[in-house]
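Just the heavy atoms: all of them, side chains too, but no hydrogens, waters or symmetry mates, feed the values below. Lettering follows sequence order; numbering is per chain, from 1.
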Amino acid sequence: MPELPEVEVVRRGLSTAVRGRTITRVDVLHDRPVRRHLAGPADFAAQLTGRRFAEPRRRGKYLWLPFEDGDALLAHLGMSGQFRSDEATLPDPPNTRIRFVFADGGPELRFVDQRMFGGLSLSPDGAELPAEVAHIARDPFDPEFDLDQTVARLRRKRSGVKRALLDQELISGIGNIYADEALWRSRLHYAKPADRLTRKAAVGVIMEATAVMREALGEGGTSFDSLYVNVNGSSGYFERALAVYGREGLPCLRCGRPIKREPFMNRSSFRCPRCQPAPRMIIRAS
DNA sequence: CTCATGACCTGTGCGC
DNA sequence: TGCGCACAGGTCATGA
């Protein structure tokens with residue numbers, strides 16, 4: 001589930017659930033999600049114990065939870081990560097990997113991750129911008145996001161436009177769903193060379209990506225009342241608002257032609273064959 | 001430097 | 001019923 005809007009929903013949920021609360025115990029139930037904490041699981045638990053959470057932050061799909069006395073808990077949800085805030089009396093959800101217990105005896109925080117591509121680590125001095133996140137570009141919700149600079153860099157990429165949109169060092173937060181949605185709205189084929197986009201087209205596809213993520217966040221916000229976000233994608237937003245993603249064989253909402261699914265970058269791309277035709281082959285000089 | 005590819009994991013649903 | 005395979009919303013290391 002987690003692209004920018006979903007991660008932002010989680011960030012807001014964490015703000016409500018853990019800000020101002022002090023950790024008294026950390027249980028590492030599986031080592032893999034703390035693999036990037038190089039000092040090991042026991043050190044991870046020891047370092048966090050006794051710390052109090054401040055306001056959670058986000059860049060792109062990365063989350064970090066600063067502590068009031070410095071450092072931060074760095075988190076990435078990967079493909080299947082969730083944070084859950086549950087009363088301590090309730091059993092762990094399946095695939096619970098890390099459990100945080102708090103001094104106030106209130107709800108526990110549980111990091112749940114089926115595939116374990118995500119993970120947690122302690123980022124020393126990471127309150128402002130963790131070193132692990134420094135290579136990630138600003139996302140379009142960032143007040144300092146620079147559209148002109150991003151457009152200029154996009155138009156220098158010698159790759160297909162979808163690959164460029166997914167490049168978290170160019171613009172962060174966009175994943176497979178919102179890339180496909182932005183391309184459909186912009187009537188662009190995923191393989192259109194980024195450096196053949198007009199300035200207008202480049203601006204347009206970034207604006208559409210931003211717009212679709214903003215709409216998705218709005219949907220997530222209205223239905224959000226706990227930390228649970230459905231990994232299976234059965235939330236209302238996905239049923240109602242996606243134009244192409246996951247709609248293979250269904251009619252294009254603009255022209256009625258059946259949506260095609262094609263492999264691209266070891267994943268699926270969905271497009272309308274009429275609205276988003278394959279680009280003409282370009283023979284580059286030298 | 002840039003770009004493309006496969007590895008990293010578990011679980012589910014489908015066709016046979 | 002059981003098995004094998006395709007597939008799942010991400011990132012990173014490693015090659016060319």
Can you tell me how far P in dA6(C) sits from the matching atom in dG6(B), rounded to whole Å? 15 Å
When you check every protein heavy atom under 4.0 Å of nucleotides 2-7 of chain B, what one-letter string (B, S, -) results, 5' to 3'? -SBBB-
Hits for side chain to side chain contact (heavy atoms under 4.5 Å, CB included) against Asp31(A), two or more places apart or cross-chain, chain-then-number order -> Val28(A), Pro41(A)
Go through the structure and list residues passing salt bridge (Lys or Arg N to Asp or Glu O under 4.0 Å) with Arg57(A), not counting sequence neighbours. Glu128(A)
N/O to N/O distances under 3.5 Å, protein versus nucleotides 11-13 of chain B:
| unit_1 | atom_1 | unit_2 | atom_2 | d |
| --- | --- | --- | --- | --- |
| dG11(B) | OP1 | Asn95(A) | OD1 | 3.4 |
| dG11(B) | O4' | Gln114(A) | OE1 | 3.0 |

Just grab all the ring-ring contact (aromatic ring centres under 6.0 Å, His included) pairs involving residues 94-122 of chain A, residues at least two apart or on different chains. Phe83(A)-Phe111(A)
Treat primed atoms plus P, OP1 and OP2 as sugar-phosphate and everything else as base, then score nucleotides 11-16 of chain C 5' to 3': B for base contact with protein heavy atoms under 4.0 Å, S for sugar-phosphate contact only, - for none. SS----
Apply side chain to side chain contact (heavy atoms under 4.5 Å, CB included) to Thr198(A) and list each qualifying residue two or more places apart in sequence or on a separate chain. Lys200(A), Ala201(A)
Secondary structure string for DNA chain C (Watson-Crick or G-U under 3.5 angstrom, | for other-strand pairs): .|||||||.|||||||
Residues in salt bridge (Lys or Arg N to Asp or Glu O under 4.0 Å) with Asp146(A), at least two apart? none
Taking side chain to side chain contact (heavy atoms under 4.5 Å, CB included) as the definition, give me every residue that meets it alongside Ser186(A), ordered by chain and number, with sequence neighbours left out. Leu188(A), Val205(A), Glu208(A)
In whole angstrom, what separates Glu262(A)'s CD from dA6(C)'s P? 18 Å
My understanding is that only residues two or more places apart in sequence, or in another chain, count here; which of them pass salt bridge (Lys or Arg N to Asp or Glu O under 4.0 Å) with Arg254(A)? none
List the residues meeting side chain to side chain contact (heavy atoms under 4.5 Å, CB included) with Leu250(A), not counting sequence neighbours, and say none if there are none. Arg247(A)
Should Ser268(A) be listed as having a side-chain N or O under 4.0 Å from OP1 or OP2 of dA8(C)? yes
So, does Arg261(A) get its side chain near the phosphate of dC7(C), meaning an N or O under 4.0 Å from OP1 or OP2? yes
